[in-house]
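As structure tokens, the structure follows; a few thoughts come after it.
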Amino acid sequence: MGYTIAQKILASHTPHLNLGKDMPAYIWADIDLALGNDITAPIAIKKFKEAGFKKVFDRKKIALIPDHFTPSKDIESANQCKILENFARDKKIEHYYEVGRVGIEHAFLPELGLVLPGDLVIGADSHTCTYGALGAYATGVGSTDLAVAMATGKCWLKVPETIKFILKGKLKKWVCGKDIILFILGQIGVDGALNAAMEFSGPVIENISMDERFTICNMAIEGGARAGLIEPDAKTFQYVKKTGQKRKPRIFKSDPDAKYKSIKEYDLSHIEPQVSLPSSPANAKPVGKVKGVYIDQVVIGSCTNGRMYDLRAAAQILK
């Protein structure tokens with residue numbers, strides 16, 4: 001019996017689990033990185049203290065990133081960030097970054113090389129699934145889960161079924177990663193991958209940039225998925241090499257006979273740039289069908305589309 005990339009990564013982080021047998025429904029897994037931000041980590045820190053924990057499991061495997069409330073708009077927002085700073089200093093957490101060094105958490109951590117292929121990453125933020133673009137299993141958790149993980153280095157996880165998306169064709173000009181994932185969401189809906197892992201493959205994935213791959217995996221959560229994954233290739237290794245990370249990546253790929261919940265194939269040669277209309281990411285339409293909609297303001301800088309690729313594309317359009 002073959003296994004998916006998601007199953008292999010989760011099994012590799014679960015002591016004494018033999019892949020020769022059926023995967024259990026739930027696992028108690030060792031994590032490589034636990035992430036918290038200035039919205040979710042203060043709750044986790046409170047729970048950490050209430051539970052009586054005194055030490056973190058590994059000060060090098062926790063990242064605390066104030067990026068939602070910075071620069072702070074008021075005292076309450078500043079206090080959220082202060083909680084992170086105080087905890088990081090007290091526990092000597094290595095990966096704590098303030099304004100001036102940090103940006104958007106889900107762009108920042110891969111650029112630092114803190115996430116590598118084969119890693120198991122949890123984050124108290126739903127878009128933690130971004131890191132699946134590197135061939136890691138990354139998933140969002142609650143603040144209480146983060147508290148336990150910071151103390152024990154472990155997390156209780158459900159092993160998801162995987163839906164495989166095979167993307168074919170040659171993309172039209174201006175069609176990019178964001179259009180690809182919006183198109184998919186328009187096909188499957190916001191619960192079309194509920195509690196599953198979304199595995200993206202095919203010629204289209206092979207030919208797009210790492211920035212676009214991050215965007216696609218980032219929005220797996222918008223389809224209800226626990227994770228989005230892309231098998232590592234030469235582009236992945238080139239990206240990781242640039243980060244200067246000394247830690248060795250672990251490469252996992254789905255077996256040819258892996259069992260999938262379903263397999264969906266799309267020829268993307270015909271799609272236009274997509275626009276997601278109110279009030280759901282799945283309400284995606286080709287841009288040609290929303291002519292005449294006046295735009296008041298454009299923001300480029302989210303965890304989905306705040307990368308250099310997006311800024312360059314916008315600059316080309318304006319030029």
Side-chain angles (χ1 to χ4, degrees), residues 31-45 48 56 58-73 77-89 91 93-116 119-134 136-143 145-147 149-150 155 177-178 181 210-222 225-229 239-240 242-243 245 299-311:
I31 62 168
D32 294 298
L33 185 70
L35 164 69
N37 59 42
D38 41 346
I39 292 179
T40 59
I43 303 170
I45 291 167
F48 183 97
V56 296
D58 189 328
R59 63 185 187 84
K60 295 182 179 181
K61 292 186 176 182
I62 297 169
L64 297 178
I65 312 294
D67 82 334
H68 284 64
F69 287 154
T70 52
S72 300
K73 64 183 177 64
S77 301
N79 284 338
Q80 288 284 105
C81 300
K82 189 67 175 175
I83 292 170
L84 266 66
E85 179 188 5
N86 290 342
F87 185 78
R89 291 184 187 281
K91 305 303 179 188
I93 291 172
E94 186 170 310
H95 298 296
Y96 166 73
Y97 302 94
E98 293 186 326
V99 175
R101 177 71 197 279
V102 71
I104 299 167
E105 59 186 334
H106 300 311
F108 185 65
L109 296 188
E111 289 176 1
L112 285 184
L114 293 185
V115 181
L116 294 181
D119 281 355
L120 174 54
V121 181
I122 64 163
D125 184 282
S126 63
H127 290 107
T128 300
C129 50
T130 304
Y131 315 135
L134 292 169
Y137 188 93
T139 191
V141 298
S143 293
D145 294 304
L146 176 60
M150 290 195 299
C155 188
K178 182 64 172 287
I181 190 62
M210 282 304 303
D211 281 359
E212 293 173 273
R213 295 180 187 187
F214 282 124
T215 292
I216 289 171
C217 290
N218 173 280
M219 292 192 69
I221 184 64
E222 315 303 343
R226 292 180 179 270
L229 295 114
Y239 179 91
V240 170
K242 287 181 179 179
T243 68
Q245 177 57 251
V299 177
I300 303 172
S302 69
C303 68
T304 308
N305 283 115
R307 295 178 172 82
M308 187 58 71
Y309 178 93
D310 308 295
L311 296 169

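What's counted below: heavy atoms across the whole structure, side chains too, no hydrogens, waters or symmetry copies.
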d(Met150 CE, Cys155 SG) to nearest 0.5 Å is 12.0 Å
In short, Val99 meets Val102 closest at the heavy-atom pair N-CG1, 4.0 Å
Rounding to 0.5 Å, atoms CG (Leu229) and CD1 (Ile216) come to a distance of 12.5 Å
The residue among Leu33, Val115, Val121, Val141 that forms side-chain contact (heavy atoms from CB on, under 4.5 Å) with Thr128 is Val121
Residue set satisfying salt bridge (charged side-chain N to carboxylate O under 4.0 Å, His left out) with Arg213, at least two apart, ordered chain then number -> Asp233
So the side-chain hydrogen bond (donor to acceptor under 3.5 Å, both in side chains) pairs with at least one residue in residues 33-42 (sequence neighbours excluded) are Asn37-Thr40, Asn37-Glu105, Asn37-Asp125
Taken in chain and number order and not counting sequence neighbours, the residues that satisfy side chain to side chain contact (heavy atoms under 4.5 Å, CB included) with Ser126 are Ile221
Margin query: When you compare the side chain of Leu84 with that of Cys81, does any pair of heavy atoms fall below 4.5 Å?
Written below: no
Hits for side chain to side chain donor-acceptor pair (under 3.5 Å) against Arg89, two or more places apart or cross-chain, chain-then-number order -> Glu85
Closest non-hydrogen contact found for Ala44 with Leu146 is CB-CD2, 3.7 Å
Hits for ring-ring contact (aromatic ring centres under 6.0 Å, His included) against Phe48, two or more places apart or cross-chain, chain-then-number order -> Phe53, Phe87
Sorted by chain and number, sequence neighbours left out, side chain to side chain contact (heavy atoms under 4.5 Å, CB included) with Ile300 holds for Val298, Asp310, Leu311, Ala314
Tyr131 meets the ring-ring contact (aromatic ring centres under 6.0 Å, His included) criterion, sequence neighbours left out, with His106
Looking only at heavy atoms, the pair that brings Ala138 and Gly132 closest together is CB-N, 4.4 Å
Backbone of Thr304 reached by a side-chain donor or acceptor of Thr215 within 3.5 Å: yes
d(Leu64 CG, Asn86 CG) to nearest 0.5 Å is 11.5 Å
Here the gap from Asp211 atom CG to Lys178 atom NZ, rounded to the nearest 0.5 Å, amounts to 13.5 Å
For Ile83, the side chain to side chain contact (heavy atoms under 4.5 Å, CB included) test, sequence neighbours excluded, returns Pro42, Ile45, Gln80
Glu98 and Pro66 have their tightest heavy-atom pair at CA-CG, 4.4 Å
With sequence neighbours left out, the residues meeting side chain to side chain donor-acceptor pair (under 3.5 Å) with Tyr97 are His95
Hits for side chain to side chain donor-acceptor pair (under 3.5 Å) against Ser77, two or more places apart or cross-chain, chain-then-number order -> Asp74
Those residues at least two apart in sequence (or on a different chain) that pass side chain to side chain donor-acceptor pair (under 3.5 Å) with Arg226 are Asn195
The ring-ring contact (aromatic ring centres under 6.0 Å, His included) partners of Tyr96 (sequence neighbours excluded) come to none
| message | Is the distance between the ring centroids of Tyr309 and Phe214 under 6.0 Å? | response | no
When rounded to the nearest 0.5 Å, the distance separating CG of Leu116 from CG of Leu134 is 7.5 Å
In this structure, OG of Ser302 is separated from CG of Asn218 (nearest 0.5 Å) by 7.0 Å
